[in-house]
Structure formats: structure tokens, C-alpha cells
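Note sheet for the following structure.
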Amino acid sequence: MEREHSDEEEDRETLVSQNARSNDVLHPANHRRSSFQIDDFKDQITPNSRKCNKRYLFAAFLPMVILVLFFTTDLKNLFQTRIPTTPKDLGDNPSVNRMRESELRALYLLKQQEIELFKTWNRTALMEKLYFDNVGDSGVVNRTSVDGNDNKGIVTSSMLEDLKSRAFSQISLNKQIQGVLLSSHENGDYVNLTKNYTDASFGDWSRCGKVDQRLSERKTIEWKPKSNKYLFAICTSGQVSNHLICLEKHMLFAALLNRVLVIPSAKVDYDFHRLLDIEHINKCVERKVVVTFEELLESKKNVHINKFLCYFSLPQPCFVDDDHVKKLKGLGLTFGKIEAVWKEDVKNPKVRTAQDVVGKFTSDDDVIAIGDVFFADVERDQVMQPGGPIAHQCKTMLEPHRLILLTAQRFIQTFLGKDFIALHFRRHGFLKFCNAKKPSCFYPVPQAAECINRVVERAGSPVIFLSTDAAVSETGLLQTLITWNGKTVPLIRRPGRNSAEKWDALLYRHGLEDDPQVEAMLDKAICALSTVFIGSSGSTFTEDILRLRKDWGSASLCDEYLCQGEYPNFIAEDE
């Protein structure tokens with residue numbers, strides 16, 4: 001018990017109030033009172049001592065609160081700054097990387113836009129120069145137009161469409177840049193660089209839409225021939241395309257003179273049986289309007305041309321040379337004197353009307369001939385309208401043979417698809433021909449490639465069908481320069497015969513293979529079915545394709561001659 005009493009006293013001595021003054025604690029009287037009087041100690045517990053106890057409790061619970069917060073809160077995200085301050089942090093922050101990459105992509109696109117805007121500026125400067133070069137004192141543009149071949153010095157609708165296309169492209173690119181910049185502030189993926197971000201108000205505008213042919217405005221003449229009256233077609237100038245144009249104009253003359261047109265024999269001209277569907281012409285007019293020479297020979301034992309009334313007098317009557325006269329006589333044909341009805345030069349043909357033709361060439365004779373009429377300029381507006389000047393039930397009367405057309409469609413299905421550009425790249429013998437013209441129409445390959453690239457950009461087609469007589473050295477260089485969106489656009493030509501390929505089986509099955517004229521007509525059909533066509537100015541091959549595209553309704557607003565509106569950037573001197 002003495003030990004317990006001693007322990008109790010020791011404990012009491014330690015419970016001295018912290019608020020007691022130091023002199024109270026050390027004073028002997030006070031020390032004795034605190035050791036033996038418990039009631040006095042209770043009286044010494046003041047409000048200040050209670051506050052002290054609360055602080056002890058707070059200090060005891062604070063570590064527990066900190067531990068709870070540590071395990072329930074993502075302190076890393078809570079205290080992480082939005083913009084890191086060290087290179088290491090920049091590399092580890094996905095959001096900042098995303099923003100930086102978007103800005104770099106936007107800067108790249110802005111640079112591309114700057115380049116294209118400079119090109120557009122140069123294009124407008126060229127158009128302005130061409131405009132003022134061709135505006136006379138009266139302020140009227142001086143336009144030269146013979147089948148649209150000599151339109152190089154004027155501002156054309158195609159050039160205006162090109163400017164519209166460029167503006168459209170830049171608006172779309174600007175929207176794309178905005179999308180790239182905004183993508184860094186979103187959680188989604190980057191915008192698609194090939195997507196069209198142009199305003200919806202442009203949705204109804206097609207850069208390479210079809211040409212409105214205004215078929216309801218056609219002015220035609222009826223072809224109602226007398227069954228025993230014939231017009232003997234004679235075509236001598238140029239190659240097969242010239243002969244087809246000559247044949248088409250003969251159809252107009254036959255309709256005006258109410259005569260049946262006699263298709264030339266293959267012995268004096270091309271074998272039109274292999275190139276054209278002759279019976280198709282009769283079906284379109286719904287009567288017998290054309291016959292072959294062989295058919296006429298069957299109905300008439302001896303074919304005699306009663307009158308040779310020449311449309312052209314210069315450089316020789318009917319534009320028929322002695323060699324062609326011998327070939328005609330070799331068929332068993334007989335005819336009298338060849339004479340011209342008026343003075344007309346193939347180098348400077350006059351504009352004639354239907355009344356002029358009827359007045360000069362009307363005759364009661366059974367068979368007449370008027371010679372080559374390739375250069376004849378008669379009722380130009382009617383001849384150039386879609387479907388031609390004659391009333392008929394078809395899209396066009398003069399079109400490729402049915403087997404050739406089907407083969408063209410099979411080639412497109414095999415190699416090209418629906419969306420493709422066709423290019424007629426005339427080169428063989430074209431250098432001298434073009435340099436004789438003012439201005440020249442023969443372009444260096446790099447300049448031609450730049451012109452083609454503009455059309456590719458406007459049309460957005462993935463492939464180009466190439467119809468050309470150029471050497472491999474030229475077409476190989478051209479291929480390396482044709483690009484779009486950083487990728488090479490393939491130039492596709494008709495391949496050689498391969499038994500494993502069946503697209504050309506119809507030609508071989510019907511004996512039309514290995515014929516240069518059939519192959520040329522096949523190229524025409526493919527080009528005429530393209531989305532966009534680029535032709536060679538001055539080439540009748542191109543002109544015949546444009547006629548087919550117009551008649552078939554496939555003509556595009558983006559169709560144009562190669563480098564239309566531009567001069568060659570280099571022209572060789574004359575010999």
C-alpha cells in the first residue's frame with residue numbers, strides 16, 4: 001500500500017497545469033497543495049486547458065484524414081499543369097503532342113494553299129493578257145472559230161470553269177485547315193485530308209458536270225430521198241477521221257437534195273463496213289437513206305455518174321486527183337466531164353447556206369457526185385449541234401460499229417472503270433504541222449504534263465486513258481510528271497493481244513483484229529465514253545471524238561484541248 005500511495009503521488013505531481021506560471025510550480029507551498037489536494041487540482045482545469053485537449057485530438061486525426069485523401073484522390077491529375085514546362089514533359093503529354101502535330105499539319109496545308117493561290121494568280125494574269133490582246137478598239141473580243149480549233153488566243157468558258165474550280169478547291173482547303181486546327185481541341189481523330197469540307201452552298205455545283213446540250217432547241221431538216229436518185233460520196237483528203245467528217249457532210253447534202261447516199265467502195269476508200277454500222281443510219285431515219293456501192297451495183301448493172309458537179313474548184317476540180325479518178329474507173333464507173341459550179345478554194349472556203357446548195361446542185365439525173373466536201377462550210381450551226389443537222393431517232397447516226405462499241409465498253413470495265421480521263425496526245429508528224437500554225441499547238445512534254453495535271457485536279461479521276469502515236473520516250477517522261485495528291489496517275493494504253501484477256505474477243509471472233517483503222521475507231525469510242533476528255537487542237541481525230549461526246553451526251557464542262565489558252569513555252573525555228 002505504501003508503494004501504491006507513492007505511485008499515486010507521483011502521478012499527481014505530473015498533472016501540473018501547463019498554464020500554471022513557473023513561479024507557482026516552483027514555490028514550496030504550492031507544491032505541497034498540488035500533491036495532497038485533489039479538489040484543488042480539479043479547480044485548476046480551465047477553459048484554456050480544454051482547447052488544448054481539442055488540439056491534441058485534431059493532431060491525432062489529421063494523419064488519418066491525409067491517408068484517406070491519398071488513397072481516394074488522383075493527385076497526379078489534380079496538380080498537373082495544362083502546359084508542361086520541360087521538354088521531357090512535352091514529349092510525354094499526348095494532348096500537347098496532338099496540338100503541336102495539328103499546328104504542323106495546318107502549316108503544311110497553308111503552304112499548299114499559298115502555292116495554289118499563286119498558280120491561280122498567274123492564271124488570272126494570263127487570262128487578262130489574252131483578253132486585252134484580243135479586244136479591239138470597239139471593246140469586242142475578236143474570236144476566230146473554225147470548228148473551235150483556233151480558239152487559243154481567247155478567254156474560253158473552259159478557262160472560266162478552271163478558275164471556278166480553283167476557287168472551289170481553295171475554299172475546301174481552307175475548311176480543311178480549320179478542321180485540322182479544331183481537331184486538337186477535341187477527343188476525336190484527325191480530320192480526313194481527302195474529305196470535302198466546302199460549305200454546303202456549293203453542293204449543287206459540279207466541277208466537271210455534263211454539258212447541257214439543249215436538245216429541245218435543235219433545228220433539223222428531214223431526209224426523204226427519192227428511191228432512184230443517188231449522191232455518190234467521194235472523200236480524198238487526209239486520214240480516216242477526215243473521211244468520216246466528209247461522209248457526215250455528204251449526208252447533209254444528200255438530205256438537202258433528196259437523194260440516197262452511196263457509201264464508197266473499200267477499193268477506193270476505207271472499208272466503212274468494218275468501222276461503221278451502215279444499217280444503223282437507215283434505222284435512225286426509219287427509211288432507206290444510205291446504200292453501199294455494192295448494193296447500188298447489184299441494182300444497176302452499170303453505174304454511171306451522170307454529172308460531176310464539183311463543190312470545190314481549187315486546187316483542182318472536186319478536189320480529186322488523177323490517181324483517185326483511175327480508182328473510180330477501176331470499179332467500172334463511168335462519168336463525164338468534171339466541172340465546178342462555182343469558184344471555191346479549199347484553203348479559203350466561203351460560208352454557204354442550204355439554199356445555195358439546193359440552187360447549185362439540184363438535178364434530175366439519177367446519179368451525181370460533188371467531190372470531196374471535207375472543207376465545205378454549209379449551215380455550220382446546224383452541223384455542229386448535238387445529233388447533227390438531220391432529223392432522226394438516235395443519239396447520232398454516224399457512230400462506231402456495234403462490235404467496236406461493245407469492245408470499248410469491255411475495255412473500260414476491265415481497265416478503267418466509270419471515272420476516267422481520256423487523253424488524245426497527238427505527236428507523230430505534229431511538230432511540223434503545229435509549228436506552221438500561228439500560234440503553234442505542239443507543247444513540250446513538261447508543259448503538257450502541267451496542263452494535264454490541272455485537269456486531273458479539277459476532275460479528280462484516278463486514271464487516264466492514253467490514245468497516242470507518241471514514242472515511248474515521250475510517253476515515259478509524261479507518265480513520270482502526271483501526279484495528283486502526291487501520287488502518280490497511271491496512263492493506260494490498250495495492251496497487245498493476250499489470249500488470257502477476253503475484253504477484245506469480239507474483234508477476233510468477227511475478223512476485225514489487227515486492223516489499224518478498227519483500232520483507231522476503238523480508241524475513239526473509249527475516249528468518247530470518258531468522264532473528261534483532253535484533245536489535241538488541230539486534229540480531226542480529236543474533232544470526231546468531240547462530235548461523238550456531244551451526240552452521246554457525254555461531253556463534260558472540263559473537256560478541253562491540251563493546254564488550251566496557252567502558248568508553247570518554247571518553239572523551234574523554221575527550217
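Because only heavy atoms are used, hydrogens play no part in the values below, and waters and symmetry mates are left out as well, while side chains stay in.
The line from CG of Leu522 to CG of Leu275 is 11.5 Å long, rounded to the nearest 0.5 Å. Rounding to the nearest 0.5 Å gives a distance of 9.5 Å between OH of Tyr561 and OG of Ser539. Between the CG atom of Leu562 and the OH atom of Tyr443 there is a distance of 6.5 Å, given to the nearest 0.5 Å. For the atom pair Lys267 NZ and Leu331 CG, the distance stands at 6.5 Å (nearest 0.5 Å). To the nearest 0.5 angstrom, Lys550 atom NZ is 8.0 Å from Arg547 atom CZ. Separation of atoms CZ (Phe232) and CZ (Arg259) is listed at 13.5 Å; rounding is to 0.5 Å.
Using a 3.5 Å distance cut-off with no hydrogens or angles, the side chains of Glu566 and Gln447 do pair a donor with an acceptor. The closest side-chain donor-acceptor pair between Arg549 and Ser530 falls under 3.5 angstrom. With hydrogens and angles left out, the side-chain atoms of Thr542 and His424 include a donor and acceptor closer than 3.5 Å. Remark: the Trp552 side chain and the Glu399 side chain contain an N/O donor-acceptor pair separated by less than 3.5 Å. Using modelled atom types, one finds a donor on one side chain and an acceptor on the other under 3.5 Å when comparing Ser440 with Asn435. A side-chain donor from one of Gln239 and Tyr270 sits under 3.5 Å from a side-chain acceptor of the other. Checked by atom type, the side-chain pair Asp372/Ser237 shows a donor-acceptor distance below 3.5 Å.
Ring planes of Phe433 and Phe430: parallel class, angle under 30° (limits at 30 and 60°).
Counting only residues at least two apart or in different chains, disulfide (SG to SG under 2.5 Å) contacts with residues 218-247 comprise Cys235-Cys246.
Salt-bridge annotation for Arg352 and Glu344: present, with a side-chain N of the basic residue lying under 4.0 Å from a carboxylate O of the acidic one. Taking 4.0 Å as the cut-off between side-chain N and carboxylate O, Asp322 and Lys326 do not count as a salt-bridged pair. Glu560 and Arg454 are not joined by a salt bridge, as no carboxylate oxygen comes within less than 4.0 angstrom of a charged side-chain nitrogen. The existence of a salt bridge linking Glu501 and Arg410 is excluded, since no basic side-chain nitrogen approaches an acidic carboxylate oxygen closer than 4.0 Å.
The environment of Asn302 atom CG is sparse: at most 12 non-hydrogen atoms of other residues, nucleotides or ligands sit within 6.0 angstrom. Within 6.0 Å of CD in Gln409 there are more than 12 heavy atoms belonging to other residues, nucleotides or ligands. Dense packing is recorded around NE2 of His304, with more than 12 heavy atoms of other residues, nucleotides or ligands lying under 6.0 Å away. Sparse packing is recorded around NZ of Lys395, with 12 or fewer heavy atoms of other residues, nucleotides or ligands lying under 6.0 Å away. Applying the 6.0 Å contact sphere to CZ of Arg402 captures no more than 12 heavy atoms from other residues, nucleotides or ligands. Within a 6.0 Å radius of NZ in Lys224, no more than 12 heavy atoms belonging to other residues, nucleotides or ligands are found. The neighbour count for Glu474 CD, taken as heavy atoms of other residues, nucleotides or ligands under 6.0 Å away, is above 12.
For the pair Val291/Tyr230, a side-chain contact is recorded, criterion being any heavy-atom separation below 4.5 Å from C-beta on. A heavy-atom distance below 4.5 Å is not found between the side chains of Val378 and Val383.
Looking at residues two or more places apart in sequence or on another chain, you find no side chain to side chain donor-acceptor pair (under 3.5 Å) involving Thr407.
Of the candidates Asp504, Leu507, Asp514, Arg497 forms a side chain to side chain contact (heavy atoms under 4.5 Å, CB included) with just one, namely Asp504. When the options Ile368, Ile370, Ile234 are evaluated for a side chain to side chain contact (heavy atoms under 4.5 Å, CB included) with Phe308, the one that passes is Ile234. The one candidate from Glu513, Arg494, Lys524 that meets the side chain to side chain contact (heavy atoms under 4.5 Å, CB included) condition with Glu519 is Arg494.
Residues Phe374 and Phe319 place their aromatic rings such that the two centres sit no closer than 6.0 Å. Residues Phe420 and Phe465 place their aromatic rings such that the two centres sit no closer than 6.0 Å.
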